Undergrad: 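The structure follows.
First listed ligand is number 1; within each ligand, the first listed atom is number 1. We count residues from 1, following the sequence as given. Predicted model only: the values in this text are computed from it and were never measured.
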Amino acid sequence: MKRALITGISGQDGAYLAQLLLAKGYEVFGAVRRTAGAFNPRLKELGIEDEVRPIDIELLEFSNICRVLETVKPDEVYNLAAQSFVGLSFEQPVFTADVDGLGVVRILEALRASRSGVRFYQASSSEMFGKVQETPQRETTPFYPRSPYGAAKLFGHWITVNYREAHDIYAVSGILFNHESPLRGRDFVTRRITIGLARVANGDFPSITLGNLNARRDWGFAGDYMEAMWRMLQNDAADDFVIATGRSTSVREFAAMAGAALGFDIAFEGEGVGERGIDRRTGRTIISVDKALFRPTEVDTLLGDSSKARAALGWRPSVGIAELAAMMAEADMRRIRSGEIAF
Ligand code: NAP
Ligand code: G4F
């Protein structure tokens, strides 16, 4: 039985990856920093809370990482832990750099010292492409991060490549484009939209506010992306891969799709901060724009080319954007109606 250590087990990806690895027969250790809260509502929602072995980890603490690796003796380490919210990274740049950048080299140093042959996956991000230098973005596209988060992830990416080349560690960097699900954190725009519009549909709020409606992302389903992570670590040679759907959608379009799944027919009128999303059926404004939600520097558009992963790993996405928006909106509506929202 293979042993996997997943950092960031309390997050969206941690939950789906644990589910996937358990189904493949792995013994799964779920590492998360200690908080005052319950262990993990996402694992609970997937019904695997009792199957994942919890272990405390703090990526700011090198000696702690070494002890966790000694205790678990994993075959594979998936480093998913991060301060993952781009907007917050402008307010907490030093913390973000410490966890998302230096946290990676702390793990790699611990692996190097252990000489254990562990396979290492680093959760890199399409945010590293930032102000895009080429469309679509692929493994060879030059990086131009636009946030402290993107810059920290870029260090994490290159240090992973460097430890592979310098110390012969099996280490891969998965450059994943945005992936969403009903387990997505509430700060991210897709979930803000689905939970917000579900509340509007339920009569709890009259409307929601959003930031930059023009931003475009290549959004896929998180479950599909976990399979890609696993396949990367089963490959003969360690290598880096872009994982994306190859379709780009604006925030405005995503909101219209989620709204349609909840019975709205949203038309957008006006421009800039004056733009409104109006439900054609009632004439009511249900979306407005709040300047405070804009970022100091924005990633305007992302579109990934995952041909390398498709060819080398046989990976492809299975869920389209309209299906994803509906899946998330319907899950939030179900939770609201049953009073079950836990995260
Ligand atoms: P998420 O839901 O925000 O989960 C992040 C996890 O990291 C949480 O378990 C969090 O624990 C943990 N963490 C934060 N700081 C930590 C620290 N100092 N020590 C130990 N654990 C810490 O993120 P996600 O969406 O699942 O994403 C997983 C990873 O993929 C992240 O590295 C993210 O940057 C990267 N990524 C995500 C996407 C995407 O679209 N989802 C795309 C590209 C890359 P708490 O519960 O205690 O906060
Ligand atoms: O949902 P977001 O916060 O995701 P973002 O910044 O693309 O980052 C996510 O994907 C990355 C992969 O590319 C991950 F590495 C990262 O960890 C995270 O998972 O924002 C998406 C876009 C942005 O352009 C933002 O300005 O939506 C725009 N937006 C418009 N209104 C909003 C809002 N973003 C948020 N969070 N909230 C809004 O109200």
Undergrad: Among all protein heavy atoms in this structure, tell me which lies nearest to atom 43 (C) of ligand 1, with the distance rounded to 0.1 Å.
TA: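 Atom 43 (C) of ligand 1 sits closest to the protein heavy atom L176 O, 3.1 Å.
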Undergrad: Could you establish whether Y149 and ligand 1 come within less than 4.0 Å of each other, counting only heavy atoms on the residue side?
TA: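 A heavy atom of Y149 does come that close to ligand 1.
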Undergrad: Any atom of ligand 1 sitting under 4.0 Å from a heavy atom of I57?
TA: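 Flag set, I57 near ligand 1.
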Undergrad: Within ligand 2, which atoms have a heavy atom of V251 less than 4.0 Å away?
TA: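 That gives atoms 27 (O) of ligand 2.
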Undergrad: Could you tell me whether Q12 and ligand 1 have an N or O pair separated by under 3.5 Å?
TA: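 For ligand 1, there is an N or O atom that lies under 3.5 Å from one belonging to Q12.
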Undergrad: Could you check atom 3 (O) of ligand 2 against the protein and tell me its nearest heavy-atom contact, residue, atom and distance included?
TA: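 Protein heavy atom with the smallest distance to atom 3 (O) of ligand 2: R295 NH2, 2.8 Å.
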Undergrad: Inspect the contact between R217 and E298 and indicate whether a charged nitrogen and a carboxylate oxygen are less than 4.0 angstrom apart.
TA: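 A salt bridge links E298 with R217.
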Undergrad: May I ask you to check if ligand 1 and S84 share an N or O to N or O distance below 3.5 Å?
TA: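 S84 vs ligand 1: N/O contact under 3.5 Å present.
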Undergrad: Just distances here: any N/O of R42 and N/O of ligand 1 closer than 3.5 Å?
TA: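 No, no N or O pair falls under 3.5 Å.
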Undergrad: For S84, take its heavy atoms, then give the atoms of ligand 2 lying under 4.0 Å from any of them.
TA: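 Those qualifying, in numeric order: 16 (C), 17 (O), 18 (C).
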Undergrad: Check this for me - ligand 1, G11, N or O atoms closer than 3.5 angstrom, yes or no?
TA: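 In this structure, G11 places an N or O atom under 3.5 Å from an N or O of ligand 1.
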Undergrad: With atoms numbered from 1 as shown, which atoms in ligand 2 lie under 4.0 angstrom from a non-hydrogen atom of L293?
TA: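 Every atom of ligand 2 under 4.0 Å from some heavy atom of L293: 39 (O).
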Undergrad: Quick one: does S10 get an N or O within less than 3.5 Å of an N or O on ligand 1?
TA: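 Indeed, backbone or side chain, S10 has an N or O that close.
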Undergrad: Provide, to 0.1 Å, the distance between atom 31 (N) of ligand 2 and the closest protein heavy atom, together with that atom's residue and name.
TA: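 Nearest neighbour among protein heavy atoms for atom 31 (N) of ligand 2, to 0.1 Å: G211 N, 2.8 Å.
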Undergrad: E298 to ligand 2: N or O pair under 3.5 Å?
TA: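 By distance alone, the answer is yes.
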Undergrad: Among protein heavy atoms, which sits nearest to atom 48 (O) of ligand 1, and what does the distance come to when rounded to 0.1 Å?
TA: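 Nearest neighbour among protein heavy atoms for atom 48 (O) of ligand 1, to 0.1 Å: R33 NH2, 2.8 Å.
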Undergrad: Would you check whether L59 has a nitrogen or oxygen atom less than 3.5 angstrom from a nitrogen or oxygen atom of ligand 1?
TA: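 The answer is yes, given that L59 and ligand 1 share an N or O pair closer than 3.5 Å.
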Undergrad: Which of the numbered atoms in ligand 2 are under 4.0 angstrom from any heavy atom belonging to A215?
TA: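 Reading through ligand 2 atom by atom, the close ones are 24 (O).
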Undergrad: Under 4.0 Å, counting heavy atoms only: does R184 come that close to any atom of ligand 1?
TA: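 Flag set, R184 near ligand 1.
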Undergrad: Dump the intermediate steps for salt bridge (Lys or Arg N to Asp or Glu O under 4.0 Å) on R334 and E330, then the final yes or no.
TA: CA-CA 6 Å; R334 262 196 313 277; E330 285 160 11; 5.2 Å; no
Undergrad: Taking N or O atoms only and a 3.5 Å limit, does R184 qualify as a polar contact for ligand 2?
TA: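 R184 vs ligand 2: N/O contact under 3.5 Å present.
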Undergrad: I'd like to check whether L213 has a polar contact with ligand 2, where a contact means an N/O of the residue lying under 3.5 Å from an N/O of the ligand.
TA: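 The answer is no, given that L213 and ligand 2 share no N or O pair closer than 3.5 Å.
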Undergrad: Taking NZ, NE, NH1 and NH2 as the nitrogens, is one of them in D239 or K308 under 4.0 Å from a carboxylate oxygen of the other?
TA: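 Salt bridge present between D239 and K308.
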Undergrad: Is the closest heavy atom of S124 to ligand 1 under 4.0 Å?
TA: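 The answer is yes: ligand 1 sits under 4.0 Å from a heavy atom of S124.
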Undergrad: Does E127 approach ligand 1 within less than 4.0 angstrom via side chain, backbone, both or neither, non-hydrogen atoms only?
TA: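 The answer is neither.
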Undergrad: Between E271 and R276, does any side-chain N to carboxylate O distance fall below 4.0 Å?
TA: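 The answer is no: the pair does not qualify as a salt bridge.
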Undergrad: So, is S125 polar-close to ligand 1, with some N/O to N/O distance under 3.5 Å?
TA: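 No, S125 has no N/O under 3.5 Å of an N/O on ligand 1.
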Undergrad: Tell me yes or no: between the side chains of D13 and H179, is some donor less than 3.5 Å from an acceptor?
TA: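 On atom types as modelled, these side chains qualify, holding a pair under 3.5 Å.
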Undergrad: Could you identify the single nearest non-hydrogen protein atom to atom 30 (O) of ligand 1 and state the distance to 0.1 Å?
TA: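 Of every protein heavy atom, A123 CB, 3.4 Å lies nearest to atom 30 (O) of ligand 1.
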Undergrad: If you measure only the distance, is there a donor-acceptor pair under 3.5 Å linking the side chains of Q12 and S181?
TA: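 There is such a pair between these side chains.
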Undergrad: Report the part of D13 (side chain from C-beta onward, or backbone N, CA, C, O) that has a heavy atom under 4.0 Å from ligand 1; answer both or neither where that applies.
TA: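 For D13, the contact with ligand 1 is made by both the backbone and the side chain.
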Undergrad: Closest non-hydrogen protein atom to atom 29 (C) of ligand 1, residue and atom name please, with distance?
TA: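 Nearest protein contact, heavy atoms only, for atom 29 (C) of ligand 1 is L80 O, 3.1 Å.
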Undergrad: Starting from atom 10 (O) of ligand 2, find the nearest protein heavy-atom neighbour and note its residue, name and distance.
TA: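 Among all protein heavy atoms, the one nearest atom 10 (O) of ligand 2 is N178 ND2, 3.0 Å.
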Undergrad: Do K24's NZ or CZ and the ring of Y26 fall within the cation-pi criteria of under 6.0 Å and 45°?
TA: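 No, cation not above the ring by the 6.0 Å, 45° rule.
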Undergrad: Within the structure, does A82 bring an N/O atom to less than 3.5 angstrom of an N/O atom in ligand 1?
TA: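 Yes, since at least one N or O of A82 sits under 3.5 Å from an N or O of ligand 1.
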Undergrad: Give me the residue, atom name and distance of the protein heavy atom closest to atom 6 (C) of ligand 1.
TA: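 Minimum-distance protein heavy atom for atom 6 (C) of ligand 1 reads G8 CA, 3.6 Å.
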Undergrad: Under 3.5 Å, is there a donor on one side chain and an acceptor on the other for D332 and T194?
TA: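 Yes, because at least one side-chain N or O of D332 sits under 3.5 Å from a partner of the opposite role on T194.
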Undergrad: I'd like to know if the side chain of D100 pairs up with that of Q83 as donor and acceptor (distance under 3.5 Å, no hydrogens or angles considered).
TA: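 Absent: no donor and acceptor within the cut-off.
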Undergrad: Testing K153, H157, E139 for side chain to side chain donor-acceptor pair (under 3.5 Å) with S173, which one passes?
TA: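 Output: one option passes, namely H157.
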Undergrad: Any N or O of S126 that comes nearer than 3.5 Å to an N or O of ligand 2?
TA: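 So ligand 2 has an N or O lying under 3.5 Å from an N or O of S126.
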Undergrad: Tell me which protein heavy atom sits closest to atom 18 (N) of ligand 1, plus the residue, atom name and distance to 0.1 Å.
TA: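 I find the closest protein heavy atom is E58 OE2, 2.8 Å.
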Undergrad: In terms of side-chain heavy atoms, does S63 have a donor or acceptor partner in E61 at a distance below 3.5 Å?
TA: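 E61 and S63 do have a side-chain donor-acceptor pair below 3.5 Å.
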Undergrad: Give the minimum heavy-atom separation between L108 and A171, together with the two atoms involved.
TA: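 Nearest heavy atoms, L108 then A171: CD2-CB, 4.4 Å.
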Undergrad: Which heavy atom in D290 sits nearest to a heavy atom in A292, and how many Å separate them?
TA: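 Distance-wise, the nearest heavy atoms are OD1-N, 2.9 Å.
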Undergrad: So for ligand 1, is L60 a polar contact partner (N or O within less than 3.5 Å, distance only)?
TA: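 No, there is no polar N/O contact under 3.5 Å.
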Undergrad: Which of the atoms in ligand 2, numbered in the order shown and given with their element, are less than 4.0 Å from a heavy-atom of F85?
TA: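 Near F85, meaning under 4.0 Å from one of its heavy atoms, ligand 2 has 3 (O), 36 (N).
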Undergrad: Return the residue, atom name and 0.1 Å-rounded distance of the protein heavy atom closest to atom 14 (C) of ligand 2.
TA: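 Closest protein heavy atom to atom 14 (C) of ligand 2: Y149 OH, 3.4 Å.
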Undergrad: Counting non-hydrogen protein atoms only, what is the nearest one to atom 38 (C) of ligand 1? Give residue, atom name and distance.
TA: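 Residue, atom and distance for the closest contact: H179 CE1, 3.2 Å.
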Undergrad: How far is atom 22 (C) of ligand 1 from the closest protein heavy atom, and which atom is that?
TA: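 Protein heavy atom at minimum distance: A81 CB, 3.7 Å.
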Undergrad: Out of all atoms in ligand 1, which are within 4.0 Å of some heavy atom of N178? Include the element for each.
TA: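 Counting atoms of ligand 1 from 1, those under 4.0 Å from N178 are 40 (O).
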Undergrad: Is there a polar contact, in the sense of an N or O pair closer than 3.5 Å, between V86 and ligand 2?
TA: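 No, there is no polar N/O contact under 3.5 Å.
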